[in-house]
Amino acid sequence: AISVCNDKDYFYAHVDSMAAAMNIAARGPALLRIVDGYKGAGYARSRPHEHDLICTVARHTGIVLDPVYTAKAVHGMLAETAACSESLQGRTILFLHTGGVFGLSRSIAASSYFGGRASIEVGK
């Protein structure tokens with residue numbers, strides 16, 4: 001899991017409480033790997049490479065990422081998979097996109113999202 005708000009300790013505590021409620025014995029890192037470091041510039045504040053990623057993913061897949069959380073999480077997923085490419089060889093990676101496109105409309109009005117800035121390649 002990629003943390004784009006709070007920190008991994010917060011999320012481990014939350015996941016542990018849900019696991020306990022479902023009578024799942026595993027806890028913390030034994031149940032789920034949570035990675036910090038992808039909050040970016042902060043809540044609803046995106047950096048140019050995150051804008052580029054939104055354009056690249058939309059162009060290549062038709063999937064629209066929001067700049068508040070999802071683009072940061074996809075950026076983190078791509079960076080982590082690139083850094084661990086050998087250990088992930090042959091494994092399936094699942095990204096759950098839970099929505100969030102509402103954060104995109106304000107950003108489009110305030111920037112040039114679809115104005116040709118697409119210098120980042122998926123996977124780099």
Side-chain angles (χ1 to χ4, degrees):
I2 305 294
S3 172
V4 296
C5 66
N6 294 315
D7 61 17
K8 64 182 177 184
D9 293 333
Y10 169 85
F11 287 108
Y12 277 131
H14 184 68
V15 169
D16 286 352
S17 69
M18 289 190 306
M22 294 184 285
N23 295 319
I24 298 171
R27 297 288 190 273
L31 182 63
L32 178 69
R33 179 176 173 240
I34 300 174
V35 179
D36 278 333
Y38 295 99
K39 293 178 188 177
Y43 179 79
R45 294 172 51 202
S46 299
R47 298 171 291 181
H49 71 274
E50 292 160 348
H51 291 195
D52 293 343
L53 179 63
I54 290 169
C55 294
T56 300
V57 170
R59 191 175 323 107
H60 290 279
T61 68
I63 297 170
V64 179
L65 307 175
D66 77 279
V68 178
Y69 295 117
T70 314
K72 294 173 185 180
V74 168
H75 168 69
M77 177 192 66
L78 295 173
E80 292 297 316
T81 55
C84 303
S85 62
E86 286 187 30
S87 66
L88 297 172
Q89 190 76 22
R91 300 192 59 187
T92 299
I93 298 169
L94 173 66
F95 184 88
L96 296 176
H97 186 332
T98 59
V101 295
F102 300 109
L104 188 60
S105 61
R106 180 174 164 217
S107 296
I108 288 173
S111 70
S112 60
Y113 262 150
F114 299 103
R117 287 186 3 206
S119 60
I120 190 169
E121 293 180 29
V122 175
K124 288 195 176 184

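Just the heavy atoms: all of them, side chains too, but no hydrogens, waters or symmetry mates, feed the values below.
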Any side-chain heavy-atom pair of C5 and Y43 under 4.5 Å: no
Spacing of NE2 belonging to H97 relative to CG belonging to D66, to within rounding of 0.5 Å: 6.5 Å
Heavy-atom closest contact (Y38 atom, V4 atom, distance): O-CG1, 3.5 Å
F95 CZ: over 12 foreign heavy atoms closer than 6.0 Å: yes
Any donor-acceptor pair under 3.5 Å from K39 side chain to S3 backbone: no
Linked, directly or transitively: I63 and L96 (ILVMFWY side chains, under 4.5 Å): no
Y10 with V35, same ILVMFWY side-chain cluster at under 4.5 Å: no
Common cluster, I34/L31, ILVMFWY with side-chain heavy-atom separation under 4.5 Å: yes
Closest approach of K72 to R45 (non-hydrogen atoms, all atoms of both residues): NZ-O, 3.2 Å
Donor-acceptor contact present, side-chain D16 to main-chain G28, <3.5 Å: yes
Cluster link F11 to I24, ILVMFWY, side chain under 4.5 Å: yes
Exercise: identify the closest heavy-atom pair between I54 and A71: CG1-CB, 3.6 Å
Separation of D36 CG from D9 CG (nearest 0.5 Å): 7.5 Å
Smallest separation among heavy atoms of L53 and H75, with atom names: CD2-N, 3.6 Å
In one Ile/Leu/Val/Met/Phe/Trp/Tyr side-chain cluster, 4.5 Å: L78, I93: yes
Atom pair CZ/CG of R47 and D52 - distance to nearest 0.5 Å: 12.0 Å
Minimum heavy-atom distance between A19 and A26, given as atom pair plus value: CB-O, 3.9 Å
